[in-house]
**Student:** 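Sharing a structure, written as structure tokens. Questions coming.
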2 protein chains.
Amino acid sequence: MRKTPVYVQIAEKIKNKINTGQLETGDAIDSENEICREFNVSRMTVRKSLAILINEGYIYSIPGKGNYVKKPEFSKYVVQYDEMKNSINSVDRTKLLEVNIVKPDDKLADKLRISKNKNVIMIRRIFYTEGEPVAYDIKFLVYYRGMPIVEKEIQYATFPEMVSKKTPLFSMKKEILISVEAADEEKKRYLNIYNDVPLLVVEQKFTDQENKPLGVGITYFRGDYIKLWGESL
Amino acid sequence: MRKTPVYVQIAEKIKNKINTGQLETGDAIDSENEICREFNVSRMTVRKSLAILINEGYIYSIPGKGNYVKKPEFSKYVVQYDEMKNSINSVDRTKLLEVNIVKPDDKLADKLRISKNKNVIMIRRIFYTEGEPVAYDIKFLVYYRGMPIVEKEIQYATFPEMVSKKTPLFSMKKEILISVEAADEEKKRYLNIYNDVPLLVVEQKFTDQENKPLGVGITYFRGDYIKLWGESL
DNA sequence: CAGTGGTCTAGACCACAGC
DNA sequence: CTGTGGTCTAGACCACTGC
């Protein structure tokens, strides 16, 4: 058991004041210099404590004024989403239905922010688990030279992997939209659905650092084979 | 346009090395002292740069050894979830179906990690938007003295708000599970469903700092009134 | 042992708030 | 003007790693 750093201790003490209601949302906390005197430490140490609190969403800072207690954020969750793997299921095989270079329709051209005569790669796949079809997946990637259109490279790739050949994963912005819908005839056929199992629909949109779209995708999961898990922070 | 701090500039340069492939996953980056010499800055400045990279998931640090390029995390999203408000809909009225103190059944007692003779508050509500029922909501809160069981306090409260009377929001751990299901007769009745609109189901579980459960909840949203949105980071 | 990252100090200068 | 937070320096000691 090694000892806790001073800056962590100070951060904990301030956290405590907030958690116990001694400090409320919007209140100003002691100035950095006051905290220095209070704990008899240097300012850099205090600033390290405050950095923790800022990072964890406890406080925010206004230069020239002071540090203030922030309104807690309680509606954000970190959700794990991987097309091939969720908390109750894992894809063990895929079938490539189609890989084609197509021209986008109005809606797609708009989403990808390209003109209608540009090339787009369309990939359609079925995901399987133990022989059962569990998801129907369509992706549209903005075409560029060197794009991986080799089946082997595409078949088992997740969306981030496909796009990361061009743009590094770190600098990519990703969005998802999660919704529900009933399966139409086409999807029922693809997914061997004979009853009223609903679908979980995940739309993905990837853009680079400059917000230029790299691709969009939509994955239809059989409702009985997917559960997404998330936790606060 | 004020100038960018040195530590941000250094962080950007190292990011760039990673994003352009000059540094790959697992590679060691220059030691802190080397970076000091390279940019002619003090060590604290360099450490501030590295703190950014660590925070953004670019690198990790091994004391006594060095800093290394981290494998990018590409399956995590920050999802906004508020029972009363999502990206396509906002609840403007609720109906309290029931507020009761009950004894948990086996399953619930297990989930809440309490014995079966303890008291649990059950709250059942319907959420409405412009007169239409859009969600059916059930919550179970571990009873404690001072619990808000006044209708007025409960009717419009979200889950975090209900529980925050006891445990401060900051120190609470929240989990969600997102799934899909077809509406049974009871839910069809509650939600005025006459066709095959599926339901989006969100289970929530709140625990305190010591992982003691505070409450669980399950909300059934009409599929045509909900869409969850998330983004990377 | 020398080199690494982790912590901490006691200064400094700046831009900015508020009076 | 003083006080605030934001940046930055040039040291220091520690625990740890690897040789």
Side-chain angles (χ1 to χ4, degrees), chain A residues 1-18 22-73 170, chain B residues 1-18 22-72:
Chain A
M1 200 69 166
R2 70 186 172 295
K3 72 186 249 292
T4 314
V6 178
Y7 67 89
V8 175
Q9 293 178 40
I10 296 176
E12 293 297 337
K13 286 197 178 169
I14 301 174
K15 269 187 205 179
N16 221 45
K17 279 190 184 175
I18 296 173
Q22 289 175 58
L23 286 170
E24 290 183 357
T25 301
D27 287 357
I29 70 175
D30 291 343
S31 79
E32 298 181 354
N33 284 318
E34 281 170 338
I35 299 173
C36 291
R37 287 191 290 274
E38 191 178 336
F39 293 96
N40 214 341
V41 294
S42 79
R43 189 161 157 236
M44 282 308 256
T45 303
V46 170
R47 285 187 59 73
K48 214 165 173 192
S49 304
L50 299 184
I52 293 175
L53 299 179
I54 289 170
N55 206 278
E56 296 185 358
Y58 282 80
I59 64 171
Y60 61 94
S61 190
I62 302 181
K65 290 193 72 177
N67 292 293
Y68 298 87
V69 179
K70 201 173 161 184
K71 181 169 72 65
E73 179 62 67
F170 278 123
Chain B
M1 200 71 166
R2 66 186 174 294
K3 73 187 250 294
T4 314
V6 178
Y7 68 88
V8 175
Q9 293 177 39
I10 296 176
E12 293 296 335
K13 287 198 177 169
I14 300 174
K15 271 188 203 178
N16 219 45
K17 279 190 183 176
I18 295 172
Q22 288 175 59
L23 286 168
E24 291 182 358
T25 300
D27 286 357
I29 69 175
D30 292 344
S31 80
E32 298 180 354
N33 284 317
E34 282 170 337
I35 299 174
C36 291
R37 288 191 290 274
E38 192 178 333
F39 294 96
N40 214 341
V41 293
S42 81
R43 188 158 158 242
M44 281 309 257
T45 303
V46 170
R47 284 187 60 74
K48 216 167 171 190
S49 305
L50 299 185
I52 294 176
L53 299 178
I54 289 171
N55 206 278
E56 297 185 356
Y58 280 81
I59 64 172
Y60 61 95
S61 190
I62 303 180
K65 291 192 72 177
N67 291 293
Y68 299 86
V69 179
K70 200 172 164 185
K71 180 169 73 62

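In the text below, chain A, chain B and the rest are named by the order of the sequence lines, each starting its count at 1.
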**Student:** Please give, in whole Å, the distance from C/dG3 C1' to B/R43 CZ?
**Tutor:** 11 Å

**Student:** For B/N67 and B/S61, which heavy atoms make the closest approach, and how far apart are they?
**Tutor:** OD1-OG, 2.9 Å

**Student:** In dot-bracket notation, what is the pairing pattern of DNA chain D, taking Watson-Crick (N1-N3 plus N6-O4 or O6-N4) and G-U wobble (N1-O2 and O6-N3) contacts under 3.5 Å, with [ ] crossing and | for other strands?
**Tutor:** |.||||||||||||||||.

**Student:** Taking for each residue the nucleotide of DNA chain D bearing the nearest heavy atom, is the 5' side occupied by B/G64 or by A/I54?
**Tutor:** A/I54

**Student:** Is there a side-chain polar atom (N or O) of A/Y7 under 4.0 Å from OP1 or OP2 of C/dC8?
**Tutor:** no

**Student:** Which nucleotide wins on minimum distance to the side chain of B/E32, given the candidates C/dG5, D/dG6, C/dA10?
**Tutor:** C/dG5

**Student:** Taking the side chain as every heavy atom from C-beta outward, state whether A/F39 and A/Q9 have any pair of such atoms under 4.5 Å apart.
**Tutor:** no

**Student:** Reckon B/K65 has a side-chain N or O less than 4.0 Å from the OP1 or OP2 of C/dG3?
**Tutor:** no

**Student:** Looking only at the side chain of B/R47 (C-beta and beyond, no hydrogens), which of the listed nucleotides D/dG6, C/dG6, D/dA10 gets closest?
**Tutor:** C/dG6

**Student:** Among A/T45, A/V46, A/L50, find the one that has a side-chain contact (heavy atoms from CB on, under 4.5 Å) with A/Y7.
**Tutor:** A/T45

**Student:** Under 4.0 Å from OP1 or OP2 of C/dG6: is there any side-chain N or O of B/S61 that close?
**Tutor:** yes

**Student:** Please determine, for the side chain of A/M44, which listed nucleotide (C/dC8, C/dG6, D/dC8) has the closest atom?
**Tutor:** D/dC8

**Student:** Ignoring the backbone of B/S31, work out which of C/dT4, C/dT7, D/dT7 is nearest its side chain.
**Tutor:** C/dT4

**Student:** A side-chain contact here means heavy atoms from C-beta on lying under 4.5 Å apart; do B/I14 and B/I35 qualify?
**Tutor:** yes

**Student:** In this structure, how many angstroms lie between the C1' atom of C/dT9 and the CD1 atom of A/I35, rounded?
**Tutor:** 17 Å

**Student:** Give the rounded distance in Å between these two atoms: CG of A/N40 and C1' of C/dA10.
**Tutor:** 12 Å

**Student:** Find the distance B/Y60:OH to C/dG5:P and express it as a whole number of Å.
**Tutor:** 13 Å

**Student:** If the cut-off is 4.0 Å, is B/T45 near the phosphate of D/dC8, judged by side-chain N/O to OP1 or OP2?
**Tutor:** no

**Student:** What pair of heavy atoms forms the shortest contact from A/L23 to A/A28, and how long is it?
**Tutor:** CD2-O, 4.1 Å

**Student:** In whole angstrom, what separates B/K48's NZ from C/dC8's P?
**Tutor:** 17 Å

**Student:** Which of these nucleotides, D/dT9, C/dG6, C/dT4, is closest to any side-chain atom of B/N33?
**Tutor:** C/dT4

**Student:** Both A/V6 and B/E34 contact DNA chain C. Taking the nearest nucleotide for each, which residue is further toward the 5' end?
**Tutor:** B/E34

**Student:** C/dG5 phosphate, OP1 or OP2: any side-chain N/O from B/N67 under 4.0 angstrom?
**Tutor:** yes

**Student:** On a heavy-atom basis, which atom in A/I10 and which in A/S49 lie closest, and how many Å separate them?
**Tutor:** CB-OG, 3.4 Å

**Student:** Could you tell me whether the side chain of B/E24 reaches within less than 4.5 Å of the side chain of B/V69, counting heavy atoms only?
**Tutor:** no

**Student:** Between A/D30 and A/E38, which heavy-atom pair has the shortest distance, and what is it?
**Tutor:** OD2-OE1, 3.1 Å

**Student:** Base, sugar-phosphate, or nothing for A/I62, non-hydrogen atoms under 4.0 angstrom?
**Tutor:** sugar-phosphate

**Student:** Grab the CG-P distance between B/L50 and C/dG6 for me, whole Å please.
**Tutor:** 9 Å

**Student:** Rounded off to whole Å, could you give me the CD1-to-C1' distance for the B/I52 and D/dG6 pair?
**Tutor:** 13 Å

**Student:** What is the distance, rounded to the nearest whole Å, between atom CD1 of A/I10 and atom P of C/dT7?
**Tutor:** 13 Å

